Structures are given as structure tokens and as C-alpha cells.
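This one's a predicted model, so the numbers in the text were calculated from it and none came from an experiment. A, B, ... follow the sequence lines: proteins, then strands. Residue 1 opens every chain.
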Amino acid sequence: MNNVKIKSKNLNVYYGEKQALFNVNLDLNEKEVTALIGPSGCGKSTFIRCINRMNDVIDICKVSGNIEIDGVEINDKNLDVVSLRERVGMVFQKPNPFPKSIYDNISYGPKIHGKGETKSELDEIVENSLKKAALWEEVKDRLDEPGTGLSGGQQQRLCIARAISVNPEVILMDEPCSALDPIATAKIEELIDELKKPTL
Amino acid sequence: MTKEQRLKKRHNAEKRFRFYGLASIFFALLFVLILVHNIFSKGSSAFMKTAINVEVFYDKDLLELELGASEEEILEADFFDITIESLLKVYPAKNMDEEDALIELFTTDAEIEIKKAFLNNKNLIGKKINLEITASDDIDQLHKGNYPRDLPEDRRRISNFQLEIYDVLVENKTITKNFNNYFFKNGDSRDPEIAGIGGALVGSFYSILICLLLAFPVAVLASIYLEEFAPKNKITDFIEININNLAAVPSIVYGLLALQILLATIQLPRSTPLVAGITLALMTLPRIIIPCRASLKAVPPSIREGALAVGASKFQSVFHHVVPLALPGTLSGTIIGLAQALGETAPLILIGMVAFVVDIPSTPIDPSSSLPVQVYLWSESAERGFVEKTSATIMMLLSFLIVMNFLAVYLRQKFEKRWN
Ligand SMILES: Nc1ncnc2c1ncn2[C@@H]1O[C@H](COP(=O)(O)OP(=O)(O)O)[C@@H](O)[C@H]1O
Ligand SMILES: [Mg+2]
């Protein structure tokens, strides 16, 4: 049995007057893939967006209760969300690559966090991230082409590579395959299985 | 109603709609064509000026200048006698009245033209040279066919004697039409033949430059703050409504505001591009903020979320991702705002840009005119020569506007990135 990584206690989330999550108590373990399932609108997205505080972006969203990562409360006003999000990456339902080159899509995260000081270090991060996202072979010859020119499945793997690039401890994925065909889905599922391995 | 009848009705409705659409486009184009034709047919002749070939003799006795005189001495020197002597040789005049009539065929600046030719070639003392001396406004208009010569003499500005000379000049081919460089180079003048839009061009350029420098950064920063950082509440709603209202405020109100604050209170110099630029900036500000906010709004939220999710701060997500994507729309909005400012007349009239300014401004704090105000000034003038100049100035103004609007479209299409 692995250690508990994320612990949510009495988590309540409101969108204005409307309550979306009711007293969620949930422990998520390290080095595991945990899937949340439920009907549309039951609050899956709402829950995972609490873990990297993406709900801060939504004005009307109010979160109460506790979420701890490694025993540290993250639902704290004074917490630096930037470093939290560096540790907790996210992949969205709809692929959202930046309208920049494939290379810039991946190197952006490391750059703003001061990882990869030199060009060769960055090159290495980009290559490793794309390899882990099983996209390297398909794009290695066209890294300077726009990421938005890729197919839907490739775009989503690009977004996964982007999330991996800053070496997060946790990756949140919000229905990453809902817009993809079965073959692309299979690839990403395989990839998710790879990512939980301790070598990472 | 049978199925066929319904189908037929639907098709007919579609056809009718297409017809209405085409008809309205046709009417719109027709009016544009009439407008353009009207301006072109009146204005195109202003790009040419009439000149009369005169043999000028730089008589040493009349000049009182030595060989190797300095530039200053030449500028000081009196070329009046030489001018009169040279002009009188064009046609034999029998008495003083006829001499006056003959000299009236030439521009009042004939002496300056003769002096300039001498400045270009200082070895002309004691020599003869053929110069194209600009004709007076009346002869210019007559030669361009804009002046009716069949009026009775007492209602004509050109006497029978002058017509006689003109006909001889035409016969001898000493009267010619050349490119009118004065129109672009000179400032305003009471004499249409030497009046130009040089001053207005420079004035407009400075005004628009100042307008751009003031309005663009303020508008962009205001838009970014309002769109990306400001909390959405009653206050920001109120500000938004007011910006939209300001964009609709008649421009003359900004002129009154400038008159009160910039001229009366702060005492900035009247009639200057500086004041014009500030006034136009105030007016243009909301007109840039609106398209700028719209293009920021058009950037999909998923781009912001993508940046935030890899740990970018709010500031980084906005300035690294959102602003570059909104830039093409912002720039084209700015250019269109500036194009509107370029054609703006009313506020400039209020801040005194209607003053009659002959000199071309060398700095933004010199009194100056501007293109639309020049149009207004000349359209009020009685001289026939200003009619074509008015239309020609409108042509220049329209060409600038067209260039700016094309630039706006080009920038938008060239740099607009597509997402998904
Ligand atoms: N931005 C929002 N504003 C208001 N209500 C929202 C918002 N996002 C989600 N909700 C509501 O919260 C509930 C949970 O939504 P969500 O977490 O997206 O569900 P799921 O991801 O499981 O489909 C839904 O009832 C939805 O209507
Ligand atoms: Mg969802």
C-alpha cells in the first residue's frame, strides 16, 4: 500500500448559490492512477480543479474545507499557487496547446520556472517530455511547426508532454480522451499507465 | 398547400432576399462611385499648375550684386526690377494699364521664383535664361478650362487684353502645364496658385503621432487591466458603460473640453499639433479600448488555463499568451481609430487650427493646420482656384485613410493566429 499523497476533508464547493460538491472526504495514494467516474455534471471536474486551485480563476466559485498534499494545506489564501501548480500539473478535457511551435509549447513551463538555463538543457527537457508522452517519434522533425497544427490526439499528448515538462508530482487529467478516437484514446491510456511508474 | 408549393415559396423567398442584398450593395457602390468621380473630376487638375515660359535677364545693373555674392546677400537683394523687366518682355504693352494687366498674368511670387533660380546657379549674373514662371490663379483656371471665357468682360476677372495675350501664348506654346510641386511643398496662401498642403500634411502628421503616442499605450494598458485583472463587479460594469458612452460622444465636445482645459487652464499654445494630438488622443482612447478589449475577450479561456496550469502567474499568462494573440486585433483597432482621428475636423476648429498659417510647422508646438481643416478652410474660400485644391486635399486625405484601413486589414490577416 502506497502513502497517501492527497487528502481531502469535508470539501464543499459552491458556484454562487449552487453547491457542486458536498462534504467530499477522499484519500488519493502516491504512485497510483486514480480515476473518478460519475455522470456528467456530478462534480468530477470541480473536484480535480480544487487540487491545483484552478477554481480560483472562476469568480463565483467558493471552496471550503481542506485539501492536503503531503500533509500541507493547500486551500490556504497565503499559499503560492504558482509553485503549487508547478507541482500539480493539469491536462484539460479539450486539448489547448498554445498557438506557438511544438518546441515552445513544451519549453514554456521549464523556462518560467528557471529550469533549463541553457538551450541544450531545454532541448533535453523537450525531448524527454515528448518521449514520455509518446509523441517524440511523430514530431521530432517538425518541432518548430505550430502545436495547433497537430491532430486532436497528438494535441492532447502535446498537452500531456507540456504538463510533464515541469516534472510535477501529480498530474490531473480531466476527461483527456473525451474528444478523441479509440486509437488515440488507447495510446493515452497506455501513457497514463507508464506515467505512474516510480522511474518518473 | 402542397409540398411542391411550399418548396417553391421557400425558393422564391431566398431569391427575393438575394435580390434585395445585391440591390443594396449596388446602391452603396453607386454612391461611392459618384462621390469618387465628383472628387476626382474636380480635384485631379490641382496636381498640375500652369506656367509661362519667360526669358529672364539677370541684368548686372539692375541686380546690384557682384559675382560670388554670398547666399545671404542674394536673399537680401532686390529682384523686383529684373522680374518686371523680364515679364514685360513676354508681350508688347502699350501703356501702364496694359503693363499692369500683363504682370497680373503671373503669380505674385514671380520675383521669388526668379530669385530661387538664381540661388541655384549663382553664375547667372549678366546672363539670360528661360524660366517657367507660375501663372496667376486666373490664367491657371482658364488654361485648365475651369473658367468661362464667354462671360461679358465686366463680369470676368480676366480682361479682353489679357485674353488676347493668353491666346498668343497658347499659340506660341509658351504656356505649359507642369507637375504642381507647390501643392505638396508649400503652406497655405491667399493666392491659390502657390497654396499647398505642405503645412497641413506636417500638422496632421504631428497630431496623429502625438495622438498615437498618448492613446495607444493608455488604451492597451486600460484594456488589459479591465479585461484580465479587474474584478467583475458594479464598478467595472459602470466603467465599461462609460467607455462605450465616451466613444459615442460627439467629437466637438472633446474640442470644447480641450479649449477649456488645455488652452484656457493649462495655457498650451493655440493652433498647435500638440493640443490637436492631445484632443484627438482623448477622443480616440475609448475608440481603441473597445476593439482592444474585444480582441482580448476573443482569446479563448483555455489558453489562459493552459498557461496557469503549468504554473504561470496571472501576469505571465496574460503577457506571454493572451496579449500576443490579441495584438493583431488591437493594432487594427488602433489604426482604424487613428484613421478616424485623421479625418476629424470639428475639435480642431475649436482649438484654433483654422488660423491662417503660411509657415510649415517644424515642431509640434508651432501653429499649424491639418488636412481636414485645410479642406474646410479652402472650401470656404471664394477663389476658383481653391475649388480644385479642396477636392485634391480630400483625395490626399482619402488615400491616407484607404492606406491605413488596408494596413489594418493586412495586419489582422497576416498575424492573426488560429487556435484549433
Ligand atoms: N463555472 C461554473 N459556473 C457555475 N456552475 C458550474 C460551473 N462549472 C461547473 N458548474 C456546475 O457544477 C456542477 C459540477 O460540474 P462539473 O464539475 O463540471 O461536472 P463534471 O465534470 O462531473 O461533468 C454542475 O452542476 C455544473 O453545472
Ligand atoms: Mg467535467
Side-chain angles (χ1 to χ4, degrees), chain A residues 48-49 51-60 80-101 104-115 129 146-152 155 158-159 161-168 171-174 179, chain B residues 223-241 292-332 411-420:
Chain A
I48 71 167
R49 288 168 65 93
I51 301 172
N52 70 344
R53 297 266 302 264
M54 277 308 268
N55 283 328
D56 290 10
V57 181
I58 302 169
D59 281 332
I60 56 167
D80 179 24
V81 288
V82 168
S83 53
L84 171 69
R85 288 178 191 148
E86 191 186 341
R87 291 167 57 206
V88 183
M90 186 161 192
V91 177
F92 296 84
Q93 185 163 2
K94 209 169 135 249
N96 60 346
F98 303 133
K100 299 185 178 202
S101 72
D104 289 346
N105 260 283
I106 315 253
S107 63
Y108 180 67
K111 258 189 205 154
I112 57 173
H113 295 302
K115 297 173 182 170
S129 309
T148 40
L150 298 171
S151 75
Q155 286 191 13
L158 181 66
C159 292
R162 183 174 72 189
I164 296 170
S165 66
V166 287
N167 238 334
I171 299 181
L172 309 169
M173 296 195 186
D174 188 356
Chain B
S223 317
I224 292 175
Y225 180 74
L226 282 174
E227 203 52 53
E228 303 290 333
F229 294 96
K232 303 271 172 287
N233 56 25
K234 288 248 161 56
I235 299 173
T236 41
D237 282 351
F238 179 75
I239 292 175
E240 164 143 29
I241 292 171
C292 187
R293 289 187 68 182
S295 47
L296 287 168
K297 228 183 219 130
V299 175
S302 64
I303 299 291
R304 297 178 179 82
E305 292 197 327
L308 292 178
V310 288
S313 65
K314 177 90 194 174
F315 184 84
Q316 287 170 326
S317 93
V318 169
F319 282 91
H320 295 167
H321 297 280
V322 180
V323 171
L325 288 175
L327 208 56
T330 304
L331 288 183
S332 78
L411 280 177
R412 204 166 42 212
Q413 287 183 346
K414 177 99 197 284
F415 295 107
E416 196 161 62
K417 290 217 179 117
R418 286 169 11 91
W419 38 84
N420 298 323

Sort V88(A) into side chain, backbone, both or neither according to what part of it lies under 4.5 angstrom from a heavy atom of chain B.
-> backbone
Nearest non-hydrogen partners of H113(A) and V310(B), listed with the distance = NE2-O, 2.8 Å
Straight-line distance of D104(A) CG to H320(B) NE2, nearest 0.5 Å | 12.0 Å
With chain B, the option among M54(A), R87(A), E86(A) that has the most non-hydrogen atom pairs under 4.5 Å is M54(A)
Report the distance from atom OG of S313(B) to atom CZ of R85(A), rounding to the nearest 0.5 Å.
-> 10.0 Å
Any chance you could measure K232(B), atom NZ, to I60(A), atom CD1, to the nearest 0.5 Å?
-> 13.5 Å
Kindly compute the distance separating CD1 (I112(A)) from CD (Q316(B)), expressed to the nearest 0.5 Å.
-> 4.5 Å
Over 12 non-hydrogen atoms of neighbours within 6.0 angstrom of CZ in F315(B) | no
Can you say whether V57(A) sits under 4.5 Å from chain B via the side chain, the backbone, both, or neither, judging by heavy atoms?
-> side chain
State, yes or no, whether a side-chain contact exists between I303(B) and P99(A) at a heavy-atom distance under 4.5 Å.
-> yes
Best-contacting candidate, P231(B), G306(B), P301(B), against chain A by heavy atom pairs under 4.5 angstrom = G306(B)
Testing M90(A), R49(A), K94(A) for side chain to side chain contact (heavy atoms under 4.5 Å, CB included) with E305(B), which one passes?
-> R49(A)
CZ-OG distance between F98(A) and S317(B), expressed to the nearest 0.5 angstrom = 8.5 Å
